[in-house]
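In what follows, residues are counted from 1 in the order of the sequence shown.
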Amino acid sequence: MSGGMPPLDLERTALVVVGVATNVCVAGMARELADADFDAYVVEDACATIGEAAHISALKALEATFAFVFGTAEGTDLLRVSNSAPQRQ
């Protein structure tokens, strides 16, 4: 892994990613999680970057490759019923 994520020994298989710089920090963390065999869930309206076009482009790329992307309302529902969250095959 190229980023700053330490090795994780969790009883979880999925983590939620939010933050600043959707196209840099958020995307990088989602990629690292995927590389470490975690399911990454990116909350699109809990992330931001400079310019809406860069934000949307990063979200589309993440959804196509490394992460599940959804809004806070949908994410809250998924957390309530954690077994209903989609998982990568």
Side-chain angles (χ1 to χ4, degrees):
M1 288 182 265
S2 61
M5 188 179 90
L8 298 175
D9 184 19
L10 303 174
E11 294 182 15
R12 304 274 182 235
T13 59
L15 294 169
V16 176
V17 182
V18 300
V20 179
T22 311
N23 57 334
V24 181
C25 301
V26 173
M29 180 54 71
R31 282 192 302 272
E32 287 193 48
L33 290 171
D35 287 346
D37 293 325
F38 286 93
D39 289 326
Y41 295 86
V42 175
V43 185
E44 63 189 352
D45 52 348
C47 301
T49 199
I50 297 174
E52 186 68 13
H55 176 70
I56 298 297
S57 177
L59 292 172
K60 286 181 179 180
L62 283 168
E63 191 167 39
T65 55
F66 301 108
F68 299 99
V69 177
F70 53 83
T72 51
E74 183 183 2
T76 302
D77 291 341
L78 287 173
L79 289 174
R80 280 193 201 114
V81 186
S82 61
N83 291 334
S84 69
Q87 297 179 350
R88 297 247 180 242
Q89 299 298 323

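With hydrogens and angles disregarded, no donor-acceptor distance shorter than 3.5 Å links the side chain of S57 to the backbone of A53. With hydrogens and angles disregarded, a donor-acceptor distance shorter than 3.5 Å links the side chain of T22 to the backbone of A48. Using modelled atom types, one side-chain atom of H55 and one backbone atom of E44 make a donor-acceptor pair closer than 3.5 Å.
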Where do F68 and V42 land on the side chain to side chain contact (heavy atoms under 4.5 Å, CB included) test, with the steps shown first? CA-CA 6 Å; F68 299 99; V42 175; over 6 Å; no

Might you work through the side chain to side chain contact (heavy atoms under 4.5 Å, CB included) test for T49 and V24, ending with a clear yes or no? CA-CA 9 Å; T49 199; V24 181; 5.8 Å; no

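What you find for A30 and L62 is that their closest heavy atoms are CB-CD2, 3.7 Å. The two residues A61 and T65 make their nearest non-hydrogen contact at O-OG1, 2.6 Å.
Applying the side chain to side chain contact (heavy atoms under 4.5 Å, CB included) criterion to I50, with sequence neighbours excluded, gives no partner residue.
Within the model, atoms CG of L33 and CG of L15 stand 5.5 Å from one another, a figure rounded to the nearest 0.5 Å. Atom CZ in F66 sits 11.0 Å away from atom CD in E32 (nearest 0.5 Å).
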